[in-house]
> 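The structure under discussion is supplied below as structure tokens; questions concerning it will follow.
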4 protein chains.
Amino acid sequence: MARIAKSDRENTLQQTRQRLLESAAVEFSAHGYTEANINTISLAAGFSKGTIYNYFPSKQALMLALIAGVGKLHVEMISAAVRAEEEVTARLRCFYKTGFQFVEAYPVQARFLLTALNSPDMTHQQAMGEIYQPMMDLVEQDILAFGMAQGIFRPMDLKTTTNLIMTLYLGTASRVDSQGKPLMNSAVVADFALQALLAEKRGEA
Amino acid sequence: MARIAKSDRENTLQQTRQRLLESAAVEFSAHGYTEANINTISLAAGFSKGTIYNYFPSKQALMLALIAGVGKLHVEMISAAVRAEEEVTARLRCFYKTGFQFVEAYPVQARFLLTALNSPDMTHQQAMGEIYQPMMDLVEQDILAFGMAQGIFRPMDLKTTTNLIMTLYLGTASRVDSQGKPLMNSAVVADFALQALLAEKRGEA
Amino acid sequence: MARIAKSDRENTLQQTRQRLLESAAVEFSAHGYTEANINTISLAAGFSKGTIYNYFPSKQALMLALIAGVGKLHVEMISAAVRAEEEVTARLRCFYKTGFQFVEAYPVQARFLLTALNSPDMTHQQAMGEIYQPMMDLVEQDILAFGMAQGIFRPMDLKTTTNLIMTLYLGTASRVDSQGKPLMNSAVVADFALQALLAEKRGEA
Amino acid sequence: MARIAKSDRENTLQQTRQRLLESAAVEFSAHGYTEANINTISLAAGFSKGTIYNYFPSKQALMLALIAGVGKLHVEMISAAVRAEEEVTARLRCFYKTGFQFVEAYPVQARFLLTALNSPDMTHQQAMGEIYQPMMDLVEQDILAFGMAQGIFRPMDLKTTTNLIMTLYLGTASRVDSQGKPLMNSAVVADFALQALLAEKRGEA
DNA sequence: GATGAATGAGTCTTCATTCAT
DNA sequence: AATGAATGAAGACTCATTCAT
């Protein structure tokens with residue numbers, strides 16, 4: 001009983017925290033970190049001004065928690081999908097496809113991540129770097145090194161090419177219409193990348 | 001005589017304005033628009049805080065003037081170099097090479113442009129879109145359409161491919177070390193893009 | 001219980017608001033709207049400078065709230081007293097007497113009202129016009145029209161005469177010594193007005 | 001020759017000064033002393049910002065000079081007209097009539113005087129008091145005392161009655177339409193005052 | 001745990017004034 | 001005498017944060 005009661009309480013706490021984080025994502029993505037109003041975030045989540053300080057000690061901490069939460073979701077969604085593919089070109093296609101799906105499924109969070117990515121605050125940059133390291137590793141190891149080892153991709157510098165592949169993703173997935181839907185097609189981006197990566201062109205369109 | 005005197009005065013005014021703009025570029029690029037302090041900008045330029053308001057009516061106007069100035073420089077530098085090349089693959093290489101040169105020659109301005117590009121303020125976005133239209137046109141017409149017409153580039157959707165080429169530029173040129181020097185080599189980026197664009201692989205490595 | 005608690009809280013809020021308004025009346029009456037310092041108003045009320053913005057969204061809103069509050073007090077005090085009199089000459093005497101009493105009882109507020117009355121800001125003028133309409137109506141209907149209907153006052157244009165009666169009040173009641181006490185006697189002003197209004201002079205001194 | 005040249009120069013100086021004063025009257029009457037912009041005044045007069053400081057050492061000095069200038073004009077215009085009348089009731093009528101004529105002829109200056117009259121700045125008040133002393137004396141001696149000595153006006157306290165007469169003038173002449181034309185008729189005001197002042201009603205309507 | 005009144009550091013902006021030309 | 005760039009004090013307003021209830 002005590003366990004259940006405690007569990008209930010924890011659930012409530014987690015729900016409140018979650019609502020605050022979602023509200024923060026909306027506000028941060030709409031106005032950027034500095035222009036975002038922490039009072040508005042708390043009020044928009046249905047609480048009063050002070051409540052958010054019971055969950056996050058500062059605006060900065062809230063930002064970092066949100067980066068961690070959204071980044072983790074993003075990374076895990078893509079990693080899981082990519083690793084489920086056996087074939088390396090399928091993995092690359094899957095990388096872009098799932099990445100675009102993330103943007104479509106979580107438009108606010110996706111926009112928030114871009115905000116964080118371009119924040120002038122080094123703390124945000126650093127947090128982004130850390131949380132996205134697994135995705136960099138995924139591209140580098142499970143796609144690029146994997147493909148090169150099989151002779152499917154031509155030999156290229158791993159770090160550099162990883163940056164190019166990531167750049168294509170971030171640059172294209174961030175172009176969305178007013179409803180947050182990506183303007184570009186993930187398949188087109190994947191084709192472009194594959195053209196650049198494949199050892200030979202046969203069999204690719 | 002009067003003309004010379006007047007010219008001198010105008011020169012001084014232009015110099016003051018230029019110093020203020022440079023100081024603004026430093027401040028905006030370091031802290032972003034909102035966190036930038038307009039008083040600091042004026043003081044860092046060697047004037048008292050009120051002076052900047054003799055040249056720009058508001059922080060917003062200063063930002064827009066800077067976007068226009070730096071953007072123009074950026075666009076013109078690249079356009080001039082690219083159009084000087086006859087051959088289409090040389091044009092593409094030149095596009096990336098000159099773009100990276102701009103970043104190296106004007107690190108502060110380059111960082112500022114990224115700030116503006118990712119500003120949550122729609123006014124800044126719009127100003128960026130307008131000032132960069134000529135560069136988009138350059139890539140679309142003088143490089144991509146030009147190369148496709150000659151059969152050197154494979155047929156692709158112009159708008160989409162333009163975005164991909166631009167994305168590669170912006171994404172890679174923005175990665176710089178602490179001295180503002182690009183981490184990547186423009187030739188590598190150009191090669192990557194060419195692999196993706198060329199109709200056949202012969203002659204490209 | 002909850003009701004009492006709530007009531008207590010509301011009382012505190014109202015008291016704070018009232019203190020701020022009183023402080024504002026002092027500052028506005030002493031220096032005029034533009035020269036009044038809103039930070040000083042808040043500090044003089046015993047709060048820090050930001051507090052006043054929890055109650056009034058802007059200096060202008062504070063001014064308008066004060067006009068409304070003080071104007072209402074002024075109008076109601078005079079209206080109540082005048083309407084309690086049956087006889088028309090008594091009403092006119094009462095009008096001036098109560099008016100002067102207001103100035104004596106609320107010297108700061110009275111001086112503030114003059115400030116507002118002569119403000120170059122049309123918004124203030126308009127607010128004054130609206131809040132004082134009932135007092136104009138009182139003079140016009142309950143005094144002048146009333147007295148003319150009885151043949152006690154000679155026939156005159158109502159609007160014009162109302163303005164004359166009001167002018168005499170505002171012009172004389174605003175002359176005060178350094179303690180805010182009126183320099184003139186309300187009875188003298190009332191006599192002067194009655195001489196001008198009465199159909200015949202008999203019985204008036 | 002030297003004399004003429006000097007005279008010419010003085011004329012030019014006087015003209016410049018006059019243009020600045022007229023411009024100041026416009027600005028002060030429109031926005032009040034504090035909100036008036038001294039730079040705007042100089043620019044509106046057709047000079048550059050700094051010029052006005054060659055004529056008036058400060059905004060305050062400009063204000064005082066304008067009070068003196070306009071007040072003198074006002075006082076002299078009324079005094080001259082009133083003293084030209086022999087008969088005391090004619091003098092009173094003339095006082096209001098000429099006063100209203102001043103408002104009509106110099107609407108900007110008239111509005112400025114009201115601004116000054118209600119300024120919270122004691123310096124302005126004091127300057128107004130000094131410049132208008134002759135007008136107070138005119139009313140007190142050349143109209144009221146004069147009329148009482150002849151038995152035409154009933155005996156009343158001179159100072160008090162002077163204030164009432166002045167109050168009626170200032171309060172009514174300040175009500176103007178958007179073109180600066182008085183809303184009230186000076187004859188009506190004069191009649192009202194005469195009713196209040198005359199020893200007997202015979203012969204007055 | 002939730003509340004929201006109070007706080008006060010921080011910032012954009014205005015403008016009277018100075019002074020070198 | 002006229003100019004206008006530079007100055008810097010001053011003030012309205014915002015908002016992250018605290019804390020008593």
Side-chain angles (χ1 to χ4, degrees), chain A residues 9 12-13 16-17 34-43 45-62, chain B residues 5 8-9 12-13 15-17 20 34-43 45-62, chain C residues 5 8-9 12-13 15-17 20 34-43 45-62, chain D residues 9 12-13 16-17 34-43 45-62:
Chain A
R9 166 127 81 136
T12 305
L13 286 180
T16 299
R17 195 183 137 95
T34 311
E35 294 268 304
N37 184 324
I38 202 168
N39 297 338
T40 302
I41 292 173
S42 201
L43 293 171
F47 301 98
S48 65
K49 269 173 45 172
T51 300
I52 201 162
Y53 281 92
N54 293 329
Y55 292 84
F56 306 96
S58 69
K59 191 183 184 182
Q60 180 79 288
L62 170 65
Chain B
D8 277 358
R9 166 130 74 157
T12 305
L13 284 180
Q15 277 172 31
T16 299
R17 195 185 137 96
L20 289 167
T34 311
E35 295 268 303
N37 184 325
I38 202 166
N39 295 342
T40 302
I41 292 174
S42 200
L43 292 171
F47 300 98
S48 67
K49 73 187 163 107
T51 300
I52 201 162
Y53 282 94
N54 293 335
Y55 292 83
F56 306 96
S58 67
K59 191 183 183 183
Q60 180 79 290
L62 170 64
Chain C
D8 276 0
R9 168 132 71 161
T12 305
L13 285 179
Q15 277 171 30
T16 299
R17 194 184 140 95
L20 289 166
T34 310
E35 294 268 306
N37 183 325
I38 202 166
N39 296 342
T40 302
I41 293 174
S42 201
L43 292 170
F47 301 98
S48 68
K49 74 187 162 105
T51 299
I52 200 162
Y53 283 95
N54 293 334
Y55 292 84
F56 306 95
S58 67
K59 191 183 184 183
Q60 179 79 289
L62 170 64
Chain D
R9 166 126 80 136
T12 305
L13 286 179
T16 299
R17 194 184 138 94
T34 310
E35 296 267 307
N37 185 325
I38 201 167
N39 297 338
T40 302
I41 292 173
S42 200
L43 293 171
F47 302 96
S48 65
K49 270 174 42 173
T51 301
I52 202 164
Y53 281 92
N54 293 329
Y55 292 83
F56 306 96
S58 69
K59 191 182 185 184
Q60 181 77 289
L62 170 64

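Just so we're on the same page: letters track the sequence lines, and every chain starts at 1. Note that the coordinates shown come from a computational prediction; the quantities given were computed from them, not determined experimentally.
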> Answer yes or no: does a side-chain N or O of A:Ser48 lie under 4.0 Å from OP1 or OP2 of E:dA2?
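No, A:Ser48 has no side-chain N/O under 4.0 Å of OP1/OP2 on E:dA2.
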
> Does C:Tyr55 have a side-chain nitrogen or oxygen under 4.0 Å from the phosphate oxygens OP1 or OP2 of E:dA5?
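So the side chain of C:Tyr55 is outside the cut-off, no N or O lying under 4.0 Å from OP1 or OP2 of E:dA5.
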
> For a quick check, tell me whether the side chain of B:Asn54 and the base of F:dA5 share a donor-acceptor pair closer than 3.5 Å.
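Side chain to base: no pair below 3.5 Å.
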
> Tell me the closest heavy-atom pair linking C:Ser58 and C:Ile38, and the distance in Å.
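Where C:Ser58 meets C:Ile38 most closely, the heavy atoms are C-CD1, 4.3 Å.
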
> Taking OP1 and OP2 of E:dA16, is either one under 4.0 Å from a side-chain nitrogen or oxygen of D:Asn37?
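Yes, within the criterion.
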
> Check every atom of F:dA16, F:dT3, E:dA2 against the side chain of D:Phe47 and return the nucleotide holding the closest atom.
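My answer, after comparing the listed nucleotides, is F:dT3.
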
> Return the 5'-most residue of the pair B:Thr40, C:Leu13 with respect to DNA chain E, ranking by each residue's nearest nucleotide.
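Nearest-nucleotide comparison on DNA chain E picks C:Leu13.
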
> Is there, by distance only and without an angle test, a donor paired with an acceptor across the side chain of B:Lys49 and the base of E:dT13 below 3.5 Å?
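Under the 3.5 Å cut-off, the side chain and the base do form a donor-acceptor pair.
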
> With respect to the phosphate group of F:dA5, does any side-chain polar atom (N or O) of B:Thr16 fall under 4.0 Å of OP1 or OP2?
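Negative; the distance criterion is not met.
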
> Nearest heavy-atom pair of A:Ser48 and A:Ser42: which atoms, and what distance?
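Heavy atoms of A:Ser48 and A:Ser42 come nearest at O-OG, 2.8 Å.
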
> Of the listed nucleotides (E:dC15, E:dT13, E:dT7), which one gets closest to any side-chain atom of D:Asn39?
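The listed nucleotide nearest to D:Asn39's side chain is E:dC15.
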
> Begin from the C-alpha positions of C:Thr16 and C:Asn54 and carry the test side-chain contact (heavy atoms from CB on, under 4.5 Å) through to its verdict.
CA-CA 10 Å; C:Thr16 299; C:Asn54 293 334; over 6 Å; no

> Could you tell me how far apart D:Glu35 (CD) and E:dT13 (C1') are, to the nearest whole angstrom?
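D:Glu35 atom CD is separated from E:dT13 atom C1' by 14 Å.
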
> Checking side-chain contact (heavy atoms from CB on, under 4.5 Å) for the pair D:Leu13/D:Tyr55: CA distance, chi angles, key distance, verdict?
CA-CA 9 Å; D:Leu13 286 179; D:Tyr55 292 83; 3.4 Å; yes

> Quick check: on DNA chain F, is the nucleotide nearest D:Ile52 upstream (toward 5') of the one nearest C:Pro57, or the reverse? Name the residue that is more 5'.
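Taking each residue's closest nucleotide, the earlier one in sequence belongs to D:Ile52.
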
> How does DNA chain F look in dot-bracket form if you count Watson-Crick and G-U pairs under 3.5 Å, write [ ] for pairs that cross, and put | where a base pairs with another strand?
.||||||||||||||||||||

